[in-house]
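Order of the sequence lines sets the chain letters (A, B, ...), proteins ahead of strands, with each chain counted from 1.
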Amino acid sequence: MRLLILSFLKIFFRNWRAMFFVILLPAAIFLIAAFLGLERVIKLEMTAEYDAFLLSGVIAFAMMNTGVYTLAYTIIDYRRGQILKRFAVTPLSARQFIIAQTISRFIIALIQTAVLLVLGFWLFRLHFSLNILALPLIVFVGSTIFLNFGFLIASCARDYEEAAPYSSTIGLILVFLGGVFFPTENLPMPLARLADALPLKPLSATLRHFFFGARLPDQADLLILLIWLIGLSYITFLVFSKRVYK
Amino acid sequence: MNPIEVKNLKKSYGKVEAVRGVSFAVAEGEIFGLLGPNGAGKTTTLEILEGLKQPDSGKIKIMGLDIEKNLSEIRSHVGVVLQSTGLLPELTLAELFELFAGFYENVRPVQELAAEFDLIEILERKYSELSGGQRQRFVLALALLHNPKIVILDEPTLGLDPAVRQRFWDIILSLRGRGITVLLTTHYMEEAEIVCDRVAIIDYGKIVAQDRPTKLINSLGVISRVKFMSSKTINLSELEQITGIVSVRRDRYVYDLETEAPEASLRELLAWEKDFAGKIFNLQVETATLEDVFLKLTGHSLRE
């Protein structure tokens, strides 16, 4: 499985377009949104505060994109190109395949997060109070949740055309209620509660805590993330191994 | 114990019955072919044997093991060439060998395998950059990487040009001496005749006949033709004496003999010619093929 993880990483680093979308695009989105002065639109007084808000949102947003779009489309390619089938006739199990994908994408998400953090420190002089050991843990939880979305989209959709509406609907709802560009607290009550229950908002909120000097994240957010992580991983394993990995 | 035993296998997709009670057994070291037109149920049968599809009913034993309970052990002993193989497109052949070697316990050295399949010079190339023949050689080498006892090939020469196809047959035939059991599907009758020790003819999800190719051709009383011209008129009753001859016709200079035993008839004809005052020339033999057997058994052609 170590070799499979290495292979997935090799594939990623040989694909310049994938690198662009995964590493540079989130950075660009962050910079553009930060310099646009969106804080005036949503009436946040302090610019520095908004930059920190935005940075944690974009980190979570980038992880979501990797799962909901990139992974979903990659798995559809593997499925249609008979690549999964060739793996399926070897002793490599569906579980091992999922784990190898998850670990390699987690490593990529770490790099992605590191690039965004460095940008935040360097350009905006943000402070990050997080225990350095907790960061990979949160990235792992967040990245895995959204990878599961990707696996499930690819399990339901046979081709890009079918996947596109799934990905964009899920992506739109998650971003709209994800606390990426604006706080969800200002939303009408039912929407704000829904935002709390979906995974993107708790993830960006958890990351955000550490920009504002907190030592521990909000426990309700963590609980919701864990429920999503365990529930989705279980469903993904069942659906992917029964319906897709063959 | 036969390495592959299949009993009364059935599989439907909705209302379409793809496999309707297929039974066969492949002996150790044997090259066994499933011959039939597209849509006959060959690929479905193989995919069930590879554990990719669940049968509706039927019993399958591979190396004496039950396919449902021991699938992962079976997979470590079986090499597979799928009908169309996809491999991670960004990786080179060397990297793909290394990756797949990681899935098995006991693998052959890549250099040795690459030398055997004439892949040394293209090891640093990517799978997507290879020609059809190179791809098929690589895919077969990959299937043999872990010293499998059984190799399953689904239409291995589909879309290859004739010269490349013949080269691929040589490689498959070379597996025979090594005790590897081979199960393949094809809809090329020459392929089945040349490569396979035994053939099962499959049509609409059922096996209609199975035996050695020559036996299938002969046993059904399929007729071969011997045609020639003669410098002097021959008395037709003389030709009717020859072993195996069923009927004799003459059309001006051309003699048209139907025979059930082409080799024997031909030998006798040539022996008879020595005492014949004239000379026979333009000798042609049109032997029956598995195509004729298929036509006779199913009432339609393989290519339909």
Salt-bridge contact A:Arg86-B:Glu50 (side-chain N to carboxylate O under 4.0 Å): no
Please rank B:Ile152, B:Leu91, B:Thr85 by heavy-atom pairs under 4.5 Å with chain A and give me the top one. B:Leu91
Salt bridge present between A:Lys85 and B:Glu47 (N-O < 4.0 angstrom): yes
Nearest 0.5 Å, please: how far is CG in B:Leu88 from CZ in A:Phe8? 6.0 Å
Counting heavy-atom pairs under 4.5 Å to chain B, which of A:Arg80, A:Arg14, A:Lys246 comes out on top? A:Arg14
Side chain, backbone, both or neither: which part of B:Leu142 has a heavy atom under 4.5 Å from chain A? both
Heavy-atom proximity to chain B below 4.5 Å, by part of A:Tyr245: neither
Check whether B:Gln83 gets within reach of chain A through its side chain, its backbone, both or neither, counting any heavy atom under 4.5 Å. neither
For A:Leu92, the option from B:Phe100, B:Tyr104, B:Phe103 that meets side chain to side chain contact (heavy atoms under 4.5 Å, CB included): B:Phe103
Quick one: which of B:Ser84, B:Gly51, B:Ser72 has the most heavy-atom pairs under 4.5 Å with chain A, could you say? B:Ser84
Please flag which part of B:Leu87 lies under 4.5 Å from any non-hydrogen atom of chain A: side chain, backbone, both or neither. both
So, A:Lys10 and B:Glu90, do they make that salt bridge, N to O below 4.0 Å? no
Side chains of B:Pro89 and A:Ile83: does their closest heavy-atom pair fall under 4.5 Å? yes
What part of A:Asn15 gets closer than 4.5 Å to chain B, counting heavy atoms only: side chain, backbone, both or neither? side chain
